[in-house]
Amino acid sequence: MTSPENRPEASDASRVLHRVFGYDTFRGGQQEIIEHVAAGGDALVLMPTGGGKSLCYQIPALVRDGVGVVVSPLIALMQDQVDALRALGVRAGFLNSTQDFEERRLVEAEFLAGELDLLYLAPERLRVESTLRLLDRGTISLFAIDEAHCVAQWGHDFRPDYLALSALHERWPTVPRIALTATATEATHAEIASRLNLEDARHFVASFDRPNIQYRIAPKNEPKRQLLELLRTEHAGDAGIVYCLSRASVEKTAAFLVQNGIEALPYHAGLDARVRAGNQARFLREDGVVVVATIAFGMGIDKPDVRFVAHLDLPKSVEGYYQETGRAGRDGLPSTAWLAYGLQDVVQQRRMIDTSEGDAAHRRRLGAHVDAMLALCETVDCRRVQLLAYFGEKSTACGNCDTCLSPPASWDGTVPAQKVLSTVVRLDRERRQKFGAGQIIDILLGKKTAKVIQHDHDSLKVFGIGTELSATEWRGVVRQLLAQGLIAVEGDYSTLVLTDASAEVLSGRREVLLRREPERAARAAKAARTASRRTAAVDLPSEAVPAFEQLRAWRGATAKEQGVPAYVIFHDATLREIATVAPSTLEELAAVSGVGDSKLAKYGQPILETLAARPEEAGPGAEPGFPAQEPAPTDEPGLPADTGTAETDTAELGMAEPGTAAPVDR
Ligand code: ADP
Ligand code: ZN
């Protein structure tokens with residue numbers, strides 16, 4: 001048997017891949033990028049989250065002479081990144097504002113002595129003359145500019161300090177630069193290239209598909225219960241992120257999950273900074289923690305084994321949805337992106353746009369973003385095809401999204417649409433009063449509620465003309481009319497009003513195609529469950545489950561002892577393979593993907609002992625049981641109470657250095 005590093009044609013790069021990282025083959029475009037940069041070329045790399053960007057600069061830095069300087073805005077994560085590299089035997093260090101003078105001095109000394117392979121820097125360091133002089137005194141193998149979209153002024157993560165990075169090339173013209181980002185849009189791509197002077201660099205644009213993520217968008221009726229069901233049936237014991245729009249719903253959802261036996265922690269900008277940092281650290285370091293968060297959570301989180309990302313509220317844009325769901329499954333194992341979406345989401349998003357600050361053009365832009373997101377929710381075609389098309393990528397039906405697994409029917413909803421619209425017309429014109437969706441639906445169903453009687457709505461011609469559909473189905477109709485712009489919401493009470501397009505529907509000049517919901521939802525969830533079970537089973541045969549659990553326990557204890565995240569010891573994918581292969585010698589263990597020289601030396605023996613110490617299984621049923629289901633309060637599917645003051649958290653928490661405008665040290 002020849003291992004890759006013994007093959008005569010093996011390049012330096014594949015030797016490093018094998019010996020240091022323990023991987024057999026490059027992924028996607030890695031090899032081409034690595035060879036280009038290792039040979040001294042400049043590169044701009046667009047690759048999705050989990051695509052394997054880090055190796056694209058880490059391996060060239062190890063192959064070339066000198067120290068690879070990595071610029072990254074994610075200072076809260078630098079310690080973990082450096083720990084992960086050190087665990088692999090790579091000599092890495094970082095310089096940022098979290099260190100005291102003495103710590104910085106040590107790293108600087110290592111740099112000057114040529115004792116580092118990689119040096120991580122916050123971008124603001126490079127505006128300090130003393131840092132530049134320090135770099136002058138060492139040998140730099142390359143500059144890696146991570147999260148390069150931060151240089152894009154109109155993007156969502158702009159960092160002024162990134163603009164100064166264009167000067168790197170002037171000061172060190174012979175040092176190759178590689179800029180990397182997971183942001184896919186054409187506009188950002190172009191802006192990065194021009195602002196970093198990388199027009200002449202080679203551009204590597206990977207597919208943005210994340211085939212291991214299963215996309216599902218479910219009609220929302222009892223969101224918290226739906227979420228709990230998902231966690232219990234498909235993700236028991238898994239790490240995951242639940243996104244909510246408001247701080248209040250973050251708190252409530254986290255509490256609800258905890259009540260139901262799930263290890264859930266809240267995260268939002270209103271929490272004390274220490275609590276927030278503590279919750280983030282537990283999520284990163286421990287196994288199976290669920291974080292319930294506003295969108296302030298997650299940028300740059302490189303935890304590889306996030307098994308699900310759930311949205312309880314509609315994201316504001318397809319970009320946001322893609323970035324947030326992209327935090328699932330970096331390790332390539334099957335993962336779920338689940339979104340619950342209902343009438344109220346549409347009402348609320350539209351209202352937030354109406355009341356937002358900024359000019360009409362700004363509001364139009366926000367509206368266009370929401371429309372694209374709604375189109376993704378309401379599509380009867382493959383979610384992935386639509387998602388990738390948004391980023392300009394063509395693809396074919398994926399077989400791993402809810403619409404592929406259980407294709408929804410579309411139906412002619414023209415008549416129901418007309419009924420809704422004429423009810424709105426009557427309320428508006430005849431009575432000069434406006435009402436929300438709830439009242440309209442009560443009228444259509446012929447319900448004599450107090451409010452109906454009070455306003456004399458039971459005498460309207462439209463009263464009771466809609467008994468062919470249920471209340472849930474009517475909400476689906478109204479939601480889709482809103483999504484298609486055939487009706488609009490207005491004012492503080494979210495009253496329904498006509499749009500220019502409504503007239504075409506009322507006069508019969510325009511057909512309305514709707515997506516059929518109810519039974520579909522149950523079927524899709526079932527099909528999706530079967531599909532994800534199937535993929536999970538491929539990864540881990542049932543007889544390997546006990547060994548995997550044993551290894552996970554060993555990993556947890558070891559990580560705690562060393563004060564590093566569990567995945568720094570070994571990734572899930574590696575533990576799974578070890579559990580499946582059940583090696584009995586170090587040689588066999590070394591063949592497992594993710595076991596490089598350094599980790600073999602450090603953990604080889606303990607792993608073999610853990611496997612050998614395992615008691616023979618006590619028969620079937622070793623699967624951990626689910627906690628018993630308890631009845632829980634249900635959410636009113638109509639109007640959520642806690643969304644009125646949805647503070648939008650920024651995505652900057654814990655990432656940027658404080659006081660970026662005025663560098664502190666000299
Ligand atoms: P990105 O920065 O693009 O989101 P990472 O560099 O964090 O992605 O890589 C994602 C995951 O894939 C990591 O867990 C990494 O160890 C793993 N990985 C990267 N390249 C390979 C490879 N060639 N073979 C196996 N695993 C890889
Ligand atoms: Zn699909």
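Indexing begins at 1, ligand by ligand and atom by atom, following the structure's order. Since the structure is predicted, the reported quantities are computational estimates derived from the model, not experimental observations.
- The shortest heavy-atom distance from Ser593 to ligand 1 is not under 4.0 Å.
- Close contacts of ligand 1 with Ser54, meaning ligand atoms under 4.0 Å from a residue heavy atom, involve 2 (O), 5 (P), 6 (O), 7 (O).
- When ring centroids are compared, His189 and His149 stay outside the 6.0 Å threshold.
- Near Phe26, with a cut-off below 4.0 Å to any heavy atom, the atoms of ligand 1 are 23 (N).
- Protein heavy atom in closest approach to atom 9 (O) of ligand 1: Gly52 CA, 3.5 Å.
- The closest side-chain heavy-atom distance from Phe283 to Gln280 is not below 4.5 Å.
- In this structure, atom 11 (C) of ligand 1 lies nearest to the protein heavy atom Arg330 O, 3.5 Å.
- Of the candidates Arg86, Gln81, Gln79, Asp83 forms a side chain to side chain donor-acceptor pair (under 3.5 Å) with just one, namely Gln79.
- Distances below 4.0 Å separate heavy atoms of Thr49 from the following atoms of ligand 1: 4 (O).
- A cation-pi geometry, defined here as NZ or CZ lying under 6.0 Å from the six-membered ring centre and within 45° of its normal, does not hold between Lys303 and Tyr567.
- A cation-pi arrangement is found for Arg576 relative to Phe548, the charged atom lying closer than 6.0 Å to the ring centre and inside a 45° cone about the ring normal.
- Here the rule is side chain to side chain contact (heavy atoms under 4.5 Å, CB included) with Leu551, and of Leu611, Thr574, Asp572 only Leu611 fits it.
- For atom 16 (O) of ligand 1, the closest non-hydrogen atom on the protein side is Tyr23 OH, 2.7 Å.
- For the Zn ion (ligand 2), the count of nearby protein N, O or S atoms, meaning those under 2.8 Å away, is 4.
- Taking a cut-off of under 4.0 Å to the non-hydrogen atoms of Thr25, the atoms of ligand 1 that pass are 22 (C), 23 (N), 24 (N).
- Proximity to His571 (heavy-atom distance under 4.0 Å) selects the following atoms of ligand 1: 13 (C), 14 (O), 16 (O).
- The pair Arg202-Asp42 does not count as a salt bridge, with every side-chain nitrogen at least 4.0 angstrom from each carboxylate oxygen.
- Here the closest heavy-atom approach between residue Ser598 and residue Gly89 is recorded as OG-N, 3.5 Å.
- A donor-acceptor pair shorter than 3.5 Å can be found between the side chains of Glu319 and Tyr390.
- Formation of a donor-acceptor pair under 3.5 Å by the Gln386 side chain with backbone atoms of Ala375 is found in this model.
- Regarding atom 12 (O) of ligand 1, its nearest protein heavy-atom neighbour is Arg27 NH1, 3.0 Å.
- Residue Gln30 touches ligand 1 through its side chain alone, judged by heavy-atom distances below 4.0 Å.
- In Glu588, the CD atom is crowded: over 12 heavy atoms of neighbouring residues, nucleotides or ligands sit closer than 6.0 Å.
- Under 3.5 Å, the side chains of Asn96 and Thr98 contain a donor-acceptor pair of N or O atoms.
- A donor-acceptor pair shorter than 3.5 Å can be found between the side chains of Tyr341 and Glu378.
- Under 4.0 angstrom from ligand 1, the non-hydrogen atoms of Pro48 all belong to its backbone.
- Put simply, part of Leu55 is less than 4.0 Å from ligand 1, judged by heavy atoms.
- At least one N or O atom of Gly50 sits closer than 3.5 Å to an N or O atom of ligand 1.
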